[in-house]
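These notes concern the structure reproduced below.
Note that these values count all heavy atoms, side chains included, but never hydrogens, waters or copies made by symmetry. In the text below, chain A, chain B and the rest are named by the order of the sequence lines, each starting its count at 1.
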Amino acid sequence: MPELPEVESVRVGLEQHVLGATIASVDVLRDSVARRSVSPSAFADAITGASIDAAVRRGKFLWLSLDADAVALSAHLGMSGQFRVYRDDVPVPHSHCRARFTLTTANGPITLDFLDQRTFGYLHAESFVHTADGLAGGLGSASPLVPESVAHIGRDALDPALVRSTVLTQWRRGIRGIKQLLLDQTIVSGIGNIYADEALWRARVNPVTPASALTGKATGGLLDATQQVMGEALAAGGTSFDALYVNVNGESGYFDRALNAYGRGGEPCARCGRPLQRAMIGGRSTHWCAKCQPVGRRS
DNA sequence: AGTAGCACCTGATTGC
DNA sequence: TGCAATCAGGTGCTAC
């Protein structure tokens, strides 16, 4: 479940079910899921026997802190990754199951599956590095550490430590269309294709507006809109259109019913009634209202 | 240094 | 009915 609200619902599920558990065994069902590790067996060896202390997230990057920050079990869900937790009735691994973990807890064993139809997601065992500002590395832990593979991305839209002025400066420094800046995970992480379109619609900013042409008021409004949309989606359990995007219990979120732009090309704009536009921009399908979101808008 | 393009995959849907 | 083309919530490497 790719964007921030969906990954956060997964993080909360992991926090509820696997905190304090010990990793008894790891079964890699498709080698490429551990492609960032030296080998699937090296991945399994690095985490087997470890205890899970925290479930942490920054943007779309998720990790479990093992053995008091000795090792990170990091996970990226890519386009289609899921975690599923089973306690009593453990099914035969799904055809999309790429790795299965067996955990031991005070209340008995748990099975944790990592499913990923399109295989863009991955699991990795790696070291931690310190954050530059010394503040908590992500939501779910007060530790000022992040996995090495997460160090290059910015803080996410809902992180209290996000520095607003820095974001606005970096957005306005870009020459690309503002949508591409929104998707740049090194500035603000967690924004994906759905919420980029939603935030732009809400802030009435055209997706192809050169970022450097935006006023400070416009970028400020865009960051506000991004945070609002993310917060509302999170409260609704995330966005899902089908069984591919579910929480650790296999349940879907409902925010798709509240989307105003994404996936609504040709349908009337909820503000003005004009049919929404749809086009490929920067390789991603993009939806906007030509009337409410004119190019060259000054504020 | 910053940016565009493409590669990485599977599967559902659409169109001929 | 069959088969090819298109599209999908992302990231990261390469080549300009």
Between A:F120 and B:dC8, do the rings stack, that is, sit under 5.5 Å apart with planes less than 30° off each other?
yes
Is A:Y86 reachable from A:V18 through a run of hydrophobic residues whose side-chain heavy atoms are each under 4.5 Å from the next?
no
With sequence neighbours left out, write down each residue that passes ring-ring contact (aromatic ring centres under 6.0 Å, His included) with A:F83, or none if nothing qualifies.
A:F114
Mind calculating the distance between OH (A:Y122) and P (C:dC13) to the nearest angstrom?
10 Å
When we call it a touch if two heavy atoms are under 4.0 Å apart, what does A:S32 touch: a base, just sugar-phosphate, or nothing?
nothing
Roughly, in whole Å, what's the span from CE in A:M280 to C1' in B:dC6?
13 Å
Given C:dT11, is OP1 or OP2 found less than 4.0 Å from the side-chain N or O atoms of A:Q185?
yes
Taking the six-membered ring of A:W288, is the NZ or CZ of A:R264 close enough (under 6.0 Å from the centre) and on axis enough (within 45°)?
no
Distances under 3.5 Å between protein N/O atoms and the N/O atoms of nucleotides 14-16 of chain C, please, pair by pair.
none

Tell which nucleotide pairs with B:dC9, taking only Watson-Crick or G-U wobble pairs whose two distances are both under 3.5 angstrom.
none
Angle between ring planes, A:F43 versus A:F101, binned at 30° and 60°: parallel, tilted or perpendicular?
perpendicular
Would you indicate whether A:L135, at its atom CG, is surrounded by more than 12 heavy atoms from other residues, nucleotides or ligands within a distance under 6.0 Å?
yes
Round to a whole Å and report the spacing from CG of A:D116 to P of B:dC9.
12 Å
Rounded off to whole Å, could you give me the CZ-to-P distance for the A:R36 and C:dG10 pair?
17 Å
Selection: residues 220-233 of chain A, any non-hydrogen atom under 4.0 Å of DNA chain C:
none
Evaluate salt bridge (Lys or Arg N to Asp or Glu O under 4.0 Å) for A:D27 paired with A:R100, printing each intermediate quantity in order.
CA-CA 5 Å; A:D27 192 5; A:R100 168 165 282 190; over 6 Å; no
Out of C:dT11, C:dG10, B:dT3, which nucleotide sits closest to the side chain of A:I175?
B:dT3
Check DNA chain B against residues 176-184 of chain A and give the residues with a non-hydrogen atom under 4.0 Å, in numerical order.
A:R176, A:Q180
Identify the residue among A:E8, A:E3, A:E15 that makes a salt bridge (Lys or Arg N to Asp or Glu O under 4.0 Å) with A:R57.
A:E8
Measure the distance from CD1 on A:I281 to P on B:dG5 and round it to the nearest whole Å.
13 Å
Looking at C:dG12, C:dT11, B:dC9, which one has an atom nearest to any side-chain atom of A:H152?
C:dG12
Side-chain donor-acceptor pairs under 3.5 Å in residues 188-197 of chain A, sequence neighbours left out?
residue, atom, partner, partner atom, Å
A:S189, OG, A:G154, O, 2.8
A:S189, OG, A:D156, N, 3.4
A:N193, OD1, A:K179, NZ, 2.6
A:N193, ND2, A:S285, O, 3.0
A:Y195, OH, A:E6, OE2, 2.6
A:Y195, OH, A:T239, OG1, 2.6
A:D197, OD1, A:K179, NZ, 2.8
A:D197, OD2, A:H287, N, 2.9
A:D197, OD2, A:H287, ND1, 2.8

How many whole angstroms separate atom NE2 of A:H76 from atom C1' of B:dC9?
15 Å
Could you tell me the separation between the CD atom of A:Q82 and the P atom of C:dA8, rounded to a whole number of Å?
20 Å
Over 12 foreign heavy atoms within 6.0 Å of CZ, A:R274
no
With the side chain defined as heavy atoms from C-beta on, A:R278 is closest, among B:dT3, C:dA8, C:dG10, to C:dA8
Enumerate the protein-to-nucleotides 10-14 of chain B contacts in which both atoms are nitrogen or oxygen and the separation is below 3.5 Å.
residue, atom, partner, partner atom, Å
B:dT10, O4', A:Q117, O, 3.3
B:dT10, O2, A:Q117, OE1, 3.1
B:dG11, OP1, A:H96, NE2, 3.3
B:dG11, O4', A:Q117, OE1, 3.3

For the pair made of CG in A:D197 and C1' in C:dA8, what is the distance, rounded to whole Å?
14 Å
